[in-house]
Amino acid sequence: VQLVESGGGSVQTGGSLRLSCDASGYSCRWYSMAWFRQAPGKEREGVASVVGDGTTTYADSVKGRFTISVDNANNTLYLEMNTLKPEDTALYYCAARLCANYYRAPTLRSAEYRYWGQGTQVTVSS
């Protein structure tokens with residue numbers, strides 16, 4: 001499994017970005033994937049998670065602004081980010097849990113995730 005993020009960049013407050021994660025080699029009926037972020041000097045935090053039936057969960061700080069989605073045909077995970085704020089500035093990571101043959105609820109606990117990408121930088125200026 002290889003996860004490769006793209007789509008990061010620099011935007012002004014109120015702007016939008018869409019992050020992509022190419023998940024080659026990850027093919028699961030009950031997939032479980034997520035976006036995390038880490039700002040300088042801060043711990044990594046979960047942003048959004050999605051599982052195989054489309055159930056999602058979001059951090060309170062991004063609810064109503066970010067949307068996580070999956071293109072199953074192309075094995076790609078997305079994070080649509082709108083109304084960006086300076087506090088959204090961070091390195092954003094894509095992550096995936098080991099495949100399973102049963103439903104698992106989405107989670108923002110990083111310890112649950114086996115596979116990680118290298119990250120893509122998002123910078124929001126005021």
Side-chain angles (χ1 to χ4, degrees):
V1 175
Q2 186 175 16
L3 306 179
V4 179
E5 303 94 336
S6 61
S10 297
V11 297
Q12 292 189 327
T13 297
S16 299
L17 283 172
R18 187 175 81 156
L19 305 184
S20 300
C21 173
D22 178 13
S24 60
Y26 188 70
S27 180
C28 305
R29 167 60 183 92
W30 290 110
Y31 60 80
S32 180
M33 302 186 74
W35 289 97
F36 290 80
R37 66 186 181 186
Q38 187 166 20
K42 295 187 176 181
E43 292 188 356
R44 184 168 52 192
E45 64 170 342
V47 174
S49 175
V50 62
V51 297
D53 67 347
T55 305
T56 58
T57 192
Y58 294 91
D60 289 342
S61 59
V62 306
K63 281 181 182 176
R65 300 188 298 122
F66 289 13
T67 302
I68 189 171
S69 62
V70 174
D71 180 344
N72 291 306
N74 293 305
N75 265 23
T76 304
L77 178 72
Y78 296 102
L79 185 68
E80 184 75 34
M81 305 186 296
N82 298 312
T83 320
L84 283 161
K85 305 175 181 179
E87 51 264 43
D88 295 318
T89 294
L91 188 61
Y92 283 72
Y93 297 92
C94 167
R97 294 162 88 177
L98 284 171
C99 286
N101 294 322
Y102 51 88
Y103 174 83
R104 293 166 295 177
T107 179
L108 298 180
R109 293 183 65 244
S110 61
E112 295 284 339
Y113 291 86
R114 172 68 175 271
Y115 307 107
W116 292 85
Q118 294 299 306
T120 185
Q121 179 67 38
V122 171
T123 302
V124 184
S125 57
S126 56

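Sequential numbering from 1 along the given sequence is applied to the chain's residues.
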- Task: May I have the step-by-step check of side-chain contact (heavy atoms from CB on, under 4.5 Å) for W35 and L77, ending in yes or no?
- Result: CA-CA 9 Å; W35 289 97; L77 178 72; 3.4 Å; yes
- Query: Any idea how Y26 and Y115 line up, ring-wise: parallel (<30°), tilted (30 to 60°), or perpendicular (>60°)?
  - Reply: perpendicular
- Query: Does a side-chain heavy-atom distance below 4.5 Å link T107 with T57?
  - Reply: no
- Is there a side-chain contact (heavy atoms from CB on, under 4.5 Å) between M81 and L19 once you walk through the steps? CA-CA 8 Å; M81 305 186 296; L19 305 184; 3.8 Å; yes
- Task: For D53 and T55, test the side chains for any donor-to-acceptor distance below 3.5 angstrom and give the result as yes or no.
- Result: yes
- Query: Backbone N or O of T67 within a donor-acceptor pair of the E80 side chain at under 3.5 Å?
  - Reply: no
- Query: Looking at side-chain heavy atoms only, is the closest gap between T89 and Q121 below 4.5 Å?
  - Reply: yes
- Item | Under 3.5 Å: donor-acceptor pair, side chain of T13, backbone of S125 | yes
- Task: Go through the steps for Y113 and L108 under the test side-chain contact (heavy atoms from CB on, under 4.5 Å), then give the verdict.
- Result: CA-CA 9 Å; Y113 291 86; L108 298 180; 5.7 Å; no
- Go through the steps to decide whether D88 and K85 satisfy the test salt bridge (charged side-chain N to carboxylate O under 4.0 Å, His left out), and finish with yes or no. CA-CA 5 Å; D88 295 318; K85 305 175 181 179; over 6 Å; no
- Message: Under the criterion side-chain contact (heavy atoms from CB on, under 4.5 Å), I'd like the reasoning laid out for Y92 against C21: C-alpha separation, chi angles, the key distance, then a yes or no.
- Response: CA-CA 10 Å; Y92 283 72; C21 173; over 6 Å; no
- Item | Side chains of R44 and W116 in contact at under 4.5 Å (non-hydrogen atoms) | yes
